[in-house]
Amino acid sequence: MTLLIASASEYPAVAASAIAVAIEAAITAGGRCTLALAGGGTPAPVYQSLARHATIRWSAVDIFFGDERAVPPDDPASNFRMARESLLDRIAVSAECVHRMPADRRDRAAAAAEYDALLPASLDVLLLGMGEDGHTASLFPHSVALAELKRRVLAVTGTKAPVERLTITPPVIAAARAIFVLVRGSAKAAMVSRVIAGRDDPQHLPVQLARHATWLLDDDAAAALHLPGG
Ligand code: 6PG
């Protein structure tokens, strides 16, 4: 596990720089990078900063999503819309390299199976967020999806509105080569401390599936961590 902590004002740039390094490393190593984006509100300023990284060869990046709400892509609650406005509309990436998660399809089980087939065996860079309840992607505490060992995308009913969603499952997190968990704000400080320093209990705290990731925190989110010299 790596902790990268920045002031609230520097957070977007610091987080974006760490992610940019991982994207470029994947391209250098394998010719292309498969990148899965996190949803919610935290990533938007980070994605805006990432879009300003002139060194990223976006033509060599395939973009996926870790989860999506069952809303149209232009809905204010859509993770795709957030990513489009903060990143995709600002970079030179071709439409066929952006794989929206079609959670708005009537048959979400079929949509999940189709998206599963799209995913690479192992994502090069996986971006995740964390809810105040310790959920990540749309893997919520005690969800049956946490027990999934084979299927990589499932239709779920979460506890954060909009509740109907598609989400990646634990095998996708386990297989990812580089994972970044993006967390900002004092409201999440207690949960950050519990997840990082507490007992391992991913059924109750699903973001612990990414416990050994690189945690991108602002000072407020890291405030309850008892760090050496802190
Ligand atoms: C979603 C997200 C979810 C999010 C956390 C944090 O679709 O809701 O994927 O996992 O990352 O809930 O959300 P905020 O960044 O808005 O706090």
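If you read the sequence from its start, that first residue is 1, and numbering goes on from there. One-based numbering, in listed order, for ligands and for the atoms of each.
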Undergrad: Report the nearest protein non-hydrogen atom to atom 10 (O) of ligand 1: residue, atom name, distance rounded to 0.1 Å.
TA: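 For atom 10 (O) of ligand 1, the nearest protein heavy atom comes out as Ala137 O, 2.6 Å.
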Undergrad: Identify which of Gly41, Gly134, Pro162, Ala38 has a heavy atom lying nearest to atom 16 (O) of ligand 1.
TA: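 Residue with the shortest heavy-atom distance to the ligand atom: Gly41.
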Undergrad: What are the atoms of ligand 1, with element, lying closer than 4.0 Å to any heavy atom of Asn79?
TA: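 Contacts of ligand 1 toward Asn79, numbered from 1: 1 (C), 7 (O).
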Undergrad: With Arg84, which of Asp74, Asp75, Asp89 fulfils salt bridge (charged side-chain N to carboxylate O under 4.0 Å, His left out)?
TA: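 Result: among Asp74, Asp75, Asp89, Asp89 is the only option passing the salt bridge (charged side-chain N to carboxylate O under 4.0 Å, His left out) with Arg84.
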Undergrad: Is any side-chain heavy atom of Val125 closer than 4.5 Å to one of Phe180?
TA: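 Of all side-chain heavy-atom pairs linking Val125 with Phe180, at least one is under 4.5 Å.
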Undergrad: Any atoms of ligand 1 less than 4.0 Å from a non-hydrogen atom of Gly129? List them with their elements.
TA: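 Under 4.0 Å from Gly129, ligand 1 has these atoms: 11 (O).
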Undergrad: Give a yes or no on whether the backbone of Ala103 and the side-chain of Glu68 come within a donor-acceptor separation of less than 3.5 Å.
TA: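 No.
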Undergrad: To check your reading of the model: name the closest protein heavy atom to atom 2 (C) of ligand 1, its residue, and the distance in Å.
TA: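 The protein heavy atom lying closest is Asp67 OD2, 3.5 Å.
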Undergrad: Considering only the protein, which heavy-atom contact is closest to atom 15 (O) of ligand 1, and what is its distance?
TA: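 Among all protein heavy atoms, the one nearest atom 15 (O) of ligand 1 is Thr42 OG1, 2.7 Å.
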Undergrad: Measuring from non-hydrogen atoms of Lys188 to any atom of ligand 1, is the shortest distance under 4.0 Å?
TA: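 Within the 4.0 Å threshold, so yes.
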Undergrad: Go through the side-chain N and O atoms of Ser7 and Asp219 and say whether any donor and acceptor fall under 3.5 Å apart.
TA: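 Checked: Ser7/Asp219 side chains show no N/O donor-acceptor pair below 3.5 Å.
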Undergrad: Could you give the distance from CD1 (Ile168) to CG (Leu154), rounded to the nearest 0.5 Å?
TA: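 One finds 11.0 Å between CD1 of Ile168 and CG of Leu154.
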Undergrad: Assess the side chains of Thr157 and Glu164: does a donor N or O sit below 3.5 Å from an acceptor N or O?
TA: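 Looking only at side-chain atoms, Glu164 and Thr157 do form a donor-acceptor pair, the distance falling under 3.5 Å.
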Undergrad: Quick one: which of Arg165, Arg69, Met130, Lys160 has a heavy atom closest to atom 13 (O) of ligand 1?
TA: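 Ranked by closest heavy atom to atom 13 (O) of ligand 1, first place is Lys160.
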Undergrad: With a 3.5 Å cut-off and no angle check, do the side chains of Arg194 and His204 form a donor-acceptor pair?
TA: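 Indeed, the side chains of Arg194 and His204 share at least one donor-acceptor pair under 3.5 Å.
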Undergrad: Looking only at protein heavy atoms, identify the closest one to atom 5 (C) of ligand 1 and say how far it is in Å.
TA: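 Looking only at protein heavy atoms, the one closest to atom 5 (C) of ligand 1 is His135 NE2, 3.4 Å.
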